[in-house]
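Below you'll find the structure, written out as structure tokens, and then a few comments.
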Amino acid sequence: MAPLRVVITGGAGQIAYSLIPLIARGLVFGPDVKVHLRLLDIPPAANALAGVAMEVQDSLFSTALEGVLATTNDVEAFTGAQVAILLGGFPRRPGMERWDLIGKNAGIMKRMGELLETYASPNCKVVVVANPAQTNCYILSIYAPSLPRKNITSLSRLDHDRMIGMLLHEANSRLMSASAGNGSECVRKLTAADVRGACIWGNHSNSQVPDVSAVEFFVDGRWVPIESVIPDRTWLGLSNSLPGGGNLGVGTEGSLVEAVRKRGAAVLAARKLSSAMSAANAIAEHLSDWLSPEKSGHSPAVSMGVTTDGNPFGVSEGVFSSLPVRCTLGGDWNYDEGFSLTDDVRRHLEASVVELEDEKATALKMLEK
Ligand code: NAX
């Protein structure tokens, strides 16, 4: 069978550097799927891109990687692409307004949309990572009108995984100390497979809505509600002491919601570089749950940035938003109707969707200029 053509834009950047080995080892599309990588970057990054290509050659990756093309020619990169991983974008510079950034990236996404429309496979599957990720999806959908809207997704899996990582950290420390205290054997350490029902709603920004209201842990052979392991409702953002059913912990110093929203900034402050290893891992999980023959159809509900058109949650249509979905065999996905919005989550999600609508309007206005 012909190898899967996978284009990665921003191929010389730091996320690509962590992602390429995961793909090349067969960990994303499945060990039996041969991949031809098409790494694209802009001419000023041509040397760095050539260096990445040298390292790929030197790495003697598994047979999953059938070939690699490193190019600054976008038509060459997108021709026949069956999967597009869009990392390339304009970075935020000091003094730059958020709206300027949206405008610059809208221009880049317009070009990506045209490339997808004209040169990629008609059923190309897309994940947008470059920010503003959800609004970039919307721009793509305008300039690649023949591509099914369901094929265009954005990454909110990193936010999802950050939340699960924090929940596991808290749950495990509570379970460990509980078992140490009564002298019994240590409780089995929970892993990601022992958590279900987590969801990120809304924009990939500070307005995102990390929601644990449906979370359950698998403890001692059965699923139990989150509060039976982590009874701290304020930290979880489940406090119902305020009118309207609580405040989700937003603004509460040290709450889970605040921590998830600020995790990217915390990594940046500590590393002096934005998240790359965890972003690459989240992209790999997003794609393998969606597209790998081994995982698609078997994975739990996950958060993905998808079109809101026809969603069952009552979210305004016409934008892309993080929502809970289930991936189905053959590279499709459906909204997970098992999720429902609490009043509090709905209120916060509405604010996040207003932000998405503002971003969309700004991007469209900038493209008209
Ligand atoms: P880097 O700055 O390391 O790499 C970006 C690369 O894109 C550069 O090599 C640059 O030359 C290239 N590029 C710029 N314009 C291009 C174009 N028109 N065509 C092709 N390549 C182009 O960024 P990196 O850390 O790899 O992050 C990539 C993107 O992911 C950024 O926009 C970042 O904001 C976004 N992120 C999104 C996340 C999400 O959860 N949605 C989390 C991680 C990350 O911060």
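Positions are given from 1 along the sequence. Order of appearance sets the numbers: ligands from 1, and atoms from 1 within every ligand.
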Checklist entry - Among Leu268, Leu158, Asn131, which residue places a heavy atom closest to atom 45 (O) of ligand 1? => result Asn131

Checklist entry - So which protein heavy atom does atom 10 (C) of ligand 1 come closest to, and at what separation? => result Asp41 OD1, 3.3 Å

Next on the checklist: Could you check whether any side-chain heavy atom of Asp161 comes within less than 4.5 Å of a side-chain heavy atom of Ser278, counting everything from C-beta outward?
Outcome noted: no

Checklist entry - What's the shortest distance from atom 22 (C) of ligand 1 to any protein heavy atom, and which residue and atom give it? => result Gly88 CA, 3.7 Å

Checklist entry - Which residue and non-hydrogen atom of the protein lie closest to atom 17 (C) of ligand 1, and at what distance in Å? => result Ile42 CG2, 3.5 Å

Checklist entry - Would you say the side chains of Ser213 and Asp211 form a donor-acceptor pair under 3.5 Å? => result yes

Next on the checklist: If only side-chain N and O atoms count, and only distance matters, is there a donor-acceptor pair under 3.5 Å linking Arg162 with Ser275?
Outcome noted: yes

Checklist entry - Looking at atom 40 (O) of ligand 1, what's its closest protein heavy atom, distance included? => result His204 CE1, 3.1 Å

Checklist entry - What protein heavy atom is closest to atom 28 (C) of ligand 1, reported as residue, atom name and distance in Å? => result Leu87 O, 3.2 Å

Next on the checklist: Suppose we measure from atom 6 (C) of ligand 1 to each protein heavy atom; which comes out shortest, and what is that distance?
Outcome noted: Gly10 CA, 3.5 Å

Next on the checklist: With nothing but distance in play, are any N or O atoms of Gln14 less than 3.5 Å from an N or O of ligand 1?
Outcome noted: yes

Checklist entry - How far is atom 37 (C) of ligand 1 from its nearest protein heavy atom, and which residue and atom is that? => result Val129 O, 3.0 Å

Checklist entry - Considering only heavy atoms from C-beta outward, does the side chain of Trp201 approach that of Leu341 to under 4.5 Å? => result yes

Next on the checklist: Under 4.0 Å from atom 34 (O) of ligand 1, is there at least one protein heavy atom?
Outcome noted: yes

Checklist entry - Looking only at side chains, do His286 and Thr153 share a donor and an acceptor under 3.5 Å apart? => result yes

Checklist entry - Is it true that the side chains of Ser205 and Glu355 contain a donor and an acceptor less than 3.5 Å apart? => result yes

Item to check | Protein contact of atom 27 (O) of ligand 1 - nearest heavy atom, named by residue and atom, plus distance | outcome: Ile15 CD1, 3.4 Å

Item to check | Modelled atom types, side-chain donor and acceptor of Asn151 and Asn123, under 3.5 Å | outcome: yes

Item to check | Minimal non-hydrogen separation, Asn105 against Pro132, with atom names | outcome: CB-CD, 4.2 Å

Checklist entry - Can you tell me if Met112 has a non-hydrogen atom under 4.0 Å from ligand 1? => result yes

